[in-house]
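These notes concern the structure reproduced below.
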There are 2 protein chains.
Amino acid sequence: MSTSRPTINDVATRAGVSKSLVSLALSGSTKVSDVSRQRIVDAVAELGYRRNAAARSLAVRRSHTIGVLILDLHNPVFAEILDGVQIEVREHGFSTMLISGGADPELEQAEIDTLLQFQVEGLILIAHRLPAHVLTDIAAEVPTVVVTRDDIAVPFMDSVSNDDVAGARMAVDHLVSLGHSRIVHLSGGDNPVSHARADGYRFAMTQHGLAQHIRVVPGGLTDAKGYTAARDALSSAPTALFVANDVAAIGAIAAVENANLRVPEDISVIGYDGISIGGMRRLNLTTIAQPLADLGRLAAQHMLHRINNRTAPATRQHVSATLVIRGTTGPAATKV
Amino acid sequence: MSTSRPTINDVATRAGVSKSLVSLALSGSTKVSDVSRQRIVDAVAELGYRRNAAARSLAVRRSHTIGVLILDLHNPVFAEILDGVQIEVREHGFSTMLISGGADPELEQAEIDTLLQFQVEGLILIAHRLPAHVLTDIAAEVPTVVVTRDDIAVPFMDSVSNDDVAGARMAVDHLVSLGHSRIVHLSGGDNPVSHARADGYRFAMTQHGLAQHIRVVPGGLTDAKGYTAARDALSSAPTALFVANDVAAIGAIAAVENANLRVPEDISVIGYDGISIGGMRRLNLTTIAQPLADLGRLAAQHMLHRINNRTAPATRQHVSATLVIRGTTGPAATKV
DNA sequence: ACCTTTCATTGGAACGTTCCAACAAGTATG
DNA sequence: CATACTTGTTGGAACGTTCCAATGAAAGGT
């Protein structure tokens, strides 16, 4: 007759046993007689009983939940990483509590606080904008791993990211192998990831003896920024554009086509990230693909490992990106 | 010296007051003297104390958390709806616990169970594949609102969705106003949303006296399905395609262009959903845009309302979609 | 000077679990 | 036939909060 949810005690009285035995049975202990177990199972079903996770987590002092902070759900890159996290984490009996950061970095900290109040056993930060000292505090308190960035070293904090410098070199190598030399880089703006990609570009260009052709046009990581950056870049008559990320590359292609140039016949375009929409036929974007879901899985694995070994030394894992050749890159037009 | 997190008792002894007073102060009660409050605040800061949400939720019997089940994070539609949910929910002091359903509908139920174990105060289902009886059980147990579907009526369960029939009519009206008559619909397959959109198409065609031109080509909601469906559709020499959703529309455009036809000069294409990538310059897709974030916000509002009024009659709210004219639709080629 | 209010504070019960020590009732060991 | 183990079961303490009823102190009213 009570309207509220049944508790373990209700189950116990209904099954005619003690609550302790119910608890034992529920956690799959072998020391419960078959007859008791059956009666308990029946009682649970009849009452529609469900464990109270709050009470449980209070008693065992574990939440079996890991917190995930994601910078921006709109960006497909992050959603795909998250997917990998969820799969791995779930396999190990954990749940995730997700918070997507807003525009405001201050808010980001408040949200992490919420996560910590829920006693999450670990924190996965999928891209973040936290200053080093905050990161240090957090990592000291709870196992933490950051995905996508590796620029801040913090004790007891793992990171998993792709090697942006190497990836950028792959992009340049690909273009050079197609005969390009006037390769312009549309940068992603002032953030660590974009800096690394620009560095890789410069390095590879130099290595190919193309130092005199190095040109980095300031851009950004959005469609619109890619568009305007490409428009600016066209002044130097490039034969290829290496764009800081896929979304901006899509914008860049639009700019090229608006200038009455064909992709890839007149200008090749290569992006970075490997977001799944890049594979859509209309876009068909050549890109340096990060193994996004793997990034998420690995992050989760590091987390789970660190939960059992809090003071393990910080690790930085780099996964390698792969060149995915689609339709936006092609041989350079023969020199005129 | 203890390594574990400080509790309210630690704060109390440090501040030289009782735990009750700390609790009071923490919840912002006015009946705490300024001097005590200050000492408590200081102690909290010094110890790095953080409320234990599990204990709290156990004591107050409220979790201040709402559960969100999302069918598929990869689909940008859902991510954008989620965004609206998060904003609204957060404004009211709730947190969200997110679970993204996998391929397996069975798993979906297990995941809802997890959510319920955490004593979420409500459930928002962003697209789901649950049978009516399961839905009924869930809605009886916890305030539930479903977004994107309104085909299953369940007591005490709200739904918010756009009116797919009306939206489809808008699409057809737009094409007709541009002079099109051979308008083919690429359907989204066998699901309630797609059926409604196809119905709207048929209705509008009939109303415009174009009943003899009605043609529905079976397709799907993915890029690839849109591609093949469009290829099939070309056999009947349409001048316009109304595609079940944006992602498939992008695939359809690729098929049209591969057949050496221009969009929109030879064939106009209009999608449905209004995902943000459709606005990217390269795609520039005309579409029937659902107010995605609003859908999420409204769902959250219904939830919050229902939490305080569990037995309110079920509501079905429809929001109206809007026609967003971009570059993939244009005047029909003059009849030959 | 006494009673009543108000204000600030407190101890303790409750929330729903888990887990430990204890214990009966067999069963095996010497 | 006592002793020792197993096997299944149990009550009660603990987890970290909130909240209620009770308390003491200070202030106000007559």
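We name chains A, B, ... by the order of the sequence lines, and we start the count at 1 in each one.
Within the model, atoms CG of B:Asp42 and CZ of B:Arg37 stand 12.5 Å from one another, a figure rounded to the nearest 0.5 Å.
Of the side-chain N and O atoms in B:Ser33, one or more sit less than 4.0 angstrom from OP1 or OP2 of C:dT9. A sub-4.0 Å separation between OP1 or OP2 of C:dA8 and a side-chain N or O of B:Ser36 is absent.
Listed by chain and number, the residues in a salt bridge (charged side-chain N to carboxylate O under 4.0 Å, His left out) with B:Asp294 amount to none (sequence neighbours excluded). Residues forming a side chain to side chain donor-acceptor pair (under 3.5 Å) with B:His92 (at least two apart in sequence, or on another chain): none.
Defined by atom type and a distance below 3.5 Å, a donor-acceptor pair is present between the side-chain atoms of B:Gln317 and B:His302.
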- [ ] Please test A:Asp34 against A:Gln38 for side-chain hydrogen bond (donor to acceptor under 3.5 Å, both in side chains), starting from the C-alpha separation and ending with a verdict.
- [x] CA-CA 6 Å; A:Asp34 290 344; A:Gln38 191 54 51; over 6 Å; no

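The CD1-C1' distance, from B:Ile40 to C:dT9, rounds to 10 Å in whole Å.
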Task: Summary of protein contacts for nucleotides 15-23 of chain C, nucleotide by nucleotide, where a base hit scores B, a sugar-phosphate-only hit scores S (4.0 Å, heavy atoms) - done: BBBBB----

